[in-house]
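We use all heavy atoms of the structure for the numbers below, so side chains are in, but hydrogens, waters and symmetry mates are not. We count ligands from 1, going down the list as the structure has it; atoms in each ligand are counted the same way.
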Amino acid sequence: MSPPVFRFAPSPNGYLHLGHALSALLNADLARKAGGRLLLRIEDIDRTRCKPEYEQAIYDDLAWLGIAWEKPVRRQSEHFDAYRDALAKLQALDLVYASFESRGEIAELVTARGDGWPRDPDGAPIYPGGRDAIGETERRTRINAGEPYALRLDMAAAIARAGHPMWSETGRGPDGETGEIAARPQDWGDIILARKDVPTSYHLSVVVDDALQGVTHIVRGQDLFWSTSVHRLLQSLLGFPVPVYRHHRLVLDAAGRKLSKSTQATALRALRGEGATPADIRTMVGLPEP
Ligand code: GLU
């Protein structure tokens, strides 16, 4: 049997903090215990927010923590072709449509729908438009006229095709969910598969890469627990294998808030500068000695 494959997949849009340290160390510990492989993937599809200095800092911080990863590292920005291929498969299934609204227009539509308009698990309003909001002829005309558009998944049609897939959760969701979990992709509405400014999206590229890299175990923060609903749906539609998931608790700040890349106090490089050791970081994130 081939060894299990784990991955740590940060975005180089800021410095890694204690939450990333927990994720990276947990992946490394579990890979080592299972005799598995550990991959590092740089999730840099957003070319405006991602910076080479942050990517270099990821390598420096992980090496300092004593984590070894396989090379070459996969950089998502070098694989837009792979995401385009996956998108083409979904288009061939007639599950994708172009939408043109700006953020401002979407916000106005949401306001017009009133207070009870549903929000996705991240707290953002569900896309208030829909495939039928405009006709195919108008859509074609606007695309041909060069109007920028995002490509969205027709969620109802996707669910009609793939159903509500399950996943095996060996960690816990935000409300303690564990074991066999039924995906709830309907909670996300018509998600974006390719942004106006980037020919892919987080959901699409993460699913494609995990499949292409043969990832068998996904260990990541609980904030991504319900994103797994979308990932499972896309895996089913694209015929990809299904990894095992383990979502871990989040590291919170003194006020009980999720850490953010903009809070420098918990950045690993800041802690290192103040004299913290890698062993101190393990203690700070509540991990036992390796
Ligand atoms: N790139 C994502 C992040 O930095 C993580 C993706 C994942 O683990 O699925 O939050």
Legend entry - Basic-acidic side-chain contact under 4.0 Å: R140, E138: no
Inset, instruction - Take the angle between the ring planes of F80 and Y83 and call it parallel below 30°, perpendicular above 60°, tilted in between. - result: perpendicular
Legend entry - Short N-O contact, R272 and D61, less than 4.0 angstrom: yes
Legend entry - Neighbouring residues of ligand 1, heavy-atom cut-off under 4.0 Å: R7, A9, P10, S11, E43, Y202, V206, R220, L224
Inset, instruction - Show the numbers, then the answer: is there a ring pair (Phe, Tyr, Trp, His ring centres under 6.0 Å) between H231 and W167? - result: CA-CA 10 Å; H231 301 172; W167 83 84; 9.3 Å; no
Legend entry - Lys/Arg cation over aromatic Y97: R139, 6.0 Å, 45° cone: no
Inset, instruction - May I ask you to decide whether D253 forms a salt bridge with K258, counting only side-chain N to carboxylate O separations under 4.0 Å? - result: no
